[in-house]
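This report concerns only the one structure given below.
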Amino acid sequence: MAILTWLHNAYGRDLIEGVRAALPGEDIREWPDAGDPDEIDICFIFRMPHGFLKPFRNLKLMSATGAGIDHYLLDPDFPKGIAMVRIVDQDFAARMADYVLTWTFFHHRDVAHFLSAQSRHDWAYKIMRSAHELRVGVMGLGQMGRLAAERLAGVGYDTAAWSRSLHEVPGVTCFAGSEGFGAFLARTEILINLLPLTQTTRGILSAGTFAQMPPGGVVISAGRGGHLVEADLLAALNDGTLRAATIDAFPVEPLPKDSPLWKTPNLYVTPHCSSTASLATIVDTFAENVRRFRAGAELLNEVDTVAGY
Ligand code: NDP
């Protein structure tokens with residue numbers, strides 16, 4: 001049997017060559033040279049188009065090259081009953097925590113105010129609140145959300161988190177489920193989205209959510225574009241419901257050149273770069289899963305395809 005892969009958006013040929021070096025005994029094929037589709041039992045592909053997997057009738061294992069697996073599971077033609085694995089790694093999560101801390105500091109310390117004042121040669125003094133006075137809230141307590149919440153709390157922010165089931169995280173006030181969402185939002189001045197995209201979380205960054213936050217709040221989203229209702233974000237920034245936002249993932253990527261989001265005041269756009277696992281992590285995790293799969297052993301980081309994350 002054989003493994004099918006294709007060029008990765010960030011690591012390109014290096015990823016394929018890394019996998020070849022790590023799995024010398026495997027028949028590794030690179031799209032479009034898939035050969036006989038019936039010989040493919042493992043796919044290692046970054047965001048293939050929906051329907052792509054249809055010809056591979058003997059596929060048994062699908063591996064993502066990152067953390068998010070929504071794109072695979074939301075494909076109506078995603079094969080039933082195959083195993084789906086993803087990348088889970090402490091350094092990958094640490095890179096995300098860096099992004100979250102960077103933008104939390106940016107908004108807390110109102111860096112935009114000082115950049116703007118400097119451009120006007122304006123000595124625009126401003127009193128700053130302490131971190132412990134600022135209530136930040138993280139949606140999602142998975143590999144990304146948990147470390148981000150721990151680090152925010154470690155810096156001193158008054159930190160809360162919201163997840164599907166109730167967790168205990170030292171120094172973090174935890175909320176869970178739809179019954180805990182309102183109370184979580186009501187105390188959250190800086191809302192950080194690190195949820196997976198599922199049928200339940202789609203469109204969660206919407207007018208209804210923003211309206212439950214204290215007026216003039218901030219949203220930082222490094223989840224998925226499908227979480228965001230763009231029109232609601234623009235309206236909330238325009239009418240002051242939100243003071244500012246930083247968005248890393250968009251419904252359409254790359255964000256179209258003529259999107260109004262590029263020019264919206266107090267909206268900071270980053271190009272889906274908040275965290276990428278290192279090349280070594282992606283190669284090593286995938287290679288280990290292939291070895292385990294061939295040996296019939298338990299896989300690493302297997303996704304619950306029913307829950308969708
Ligand atoms: P995980 O699957 O590890 O996190 C899942 C967390 O979300 C869990 O705490 C889970 O709750 C919670 N959750 C799921 N559904 C709900 C719900 N309906 N209501 C409340 N909480 C819910 O994801 P990761 O931490 O790996 O990734 C988080 C996000 O970051 C994903 O969207 C991923 O795609 C994105 N990402 C973006 C990157 C970028 O560059 N922009 C890079 C890496 C990741 P429970 O604990 O109770 O199960």
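Indexing begins at 1, ligand by ligand and atom by atom, following the structure's order.
If you chain together hydrophobic residues whose side chains sit under 4.5 Å apart, Leu234 and Val218 never meet in one group.
Rounding to the nearest 0.5 Å gives a distance of 9.5 Å between CG of Leu195 and OH of Tyr309.
Here the rule is side-chain contact (heavy atoms from CB on, under 4.5 Å) with Tyr157, and of His108, Arg135, His132 only His108 fits it.
The backbone N or O of Ala2 lies less than 3.5 Å from no partner atom in the side chain of Asp27, so there is not a single donor-acceptor pair.
Residue contact annotation: Ser274 has a non-hydrogen atom under 4.0 Å from ligand 1. Not close to ligand 1: Arg146, with no non-hydrogen atom less than 4.0 angstrom away. Ligand 1 is never approached by Phe181 to a heavy-atom distance shorter than 4.0 Å. The closest approach between Met139 and ligand 1 stays at or above 4.0 Å for every heavy atom of the residue.
A 4.5 Å side-chain heavy-atom check between Arg95 and Ser278 finds at least one atom pair inside the cut-off. Contact of the His227 side chain with the Leu194 side chain is not registered, since no non-hydrogen atoms from C-beta on lie closer than 4.5 Å. Annotation: side chain of Thr201 is in contact with side chain of Thr198 (closest heavy-atom distance under 4.5 Å). The shortest distance between side-chain heavy atoms of Leu74 and Gln199 falls below 4.5 Å.
Residue contacts with ligand 1: Gln143 is placed with a nitrogen or oxygen under 3.5 Å of a nitrogen or oxygen of the ligand (distance criterion only). An N or O contact shorter than 3.5 Å links Tyr309 to ligand 1 by distance. Between Gly142 and ligand 1, at least one N/O pair is under 3.5 Å apart.
With distances taken over non-hydrogen atoms, the option nearest atom 5 (C) of ligand 1 out of Ala148, Ala67, Pro196 is Pro196. Of the listed residues (His167, Arg164, His227), the one carrying the non-hydrogen atom nearest atom 46 (O) of ligand 1 is His167. Residue Leu195 holds the heavy atom nearest to atom 12 (C) of ligand 1 of all those in Thr198, Thr270, Leu195. Around atom 37 (C) of ligand 1, the closest heavy atom drawn from Ser221, Ala222, Ser165 belongs to Ala222. Evaluated by nearest non-hydrogen atom to atom 1 (P) of ligand 1, the leading choice among Met144, His71, Arg86, Arg224 is Arg86.
Ligand 1 places these atoms under 4.0 Å from at least one heavy atom of Thr200: 18 (N). Each of the atoms 19 (N), 20 (C) of ligand 1 lies under 4.0 Å from some heavy atom of Trp162. Atom numbering of ligand 1 starts at 1 in the shown order; those under 4.0 Å from a heavy atom of Gly68 are 34 (O). Taking every non-hydrogen atom of His272 and a distance limit under 4.0 Å, the qualifying atoms of ligand 1 come out as 39 (C), 40 (O), 41 (N).
Between Trp103 and Tyr99, the two ring planes are tilted [angle within 30° to 60°]. Below 30°, between 30° and 60°, or above 60°: for Phe184 and Trp162 the angle between ring planes is below 30°, a parallel geometry.
The pair Glu189-Arg129 counts as a salt bridge, with a side-chain nitrogen and a carboxylate oxygen less than 4.0 angstrom apart. A salt bridge is defined here as a Lys NZ or Arg NE, NH1 or NH2 lying under 4.0 Å from an Asp or Glu carboxylate O, and Asp70 with Arg202 fails to meet this definition.
In terms of protein heavy atoms, atom 38 (C) of ligand 1 is closest to Met96 CE, 3.5 Å. Of all protein heavy atoms, the one lying nearest to atom 42 (C) of ligand 1 is Ser275 O, 3.2 Å. Scanning all protein heavy atoms for the shortest distance to atom 28 (C) of ligand 1 gives Leu194 O, 3.2 Å.
Looking at Leu141 against ligand 1, both its backbone and its side chain come within 4.0 Å, counting heavy atoms. Contacts with ligand 1 closer than 4.0 Å are made by no heavy atom of Ala249, backbone or side chain.
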Inset, instruction - Show your working on side chain to side chain contact (heavy atoms under 4.5 Å, CB included) between Leu7 and Ile16 and close with a plain yes or no. - result: CA-CA 7 Å; Leu7 284 184; Ile16 295 174; 3.8 Å; yes
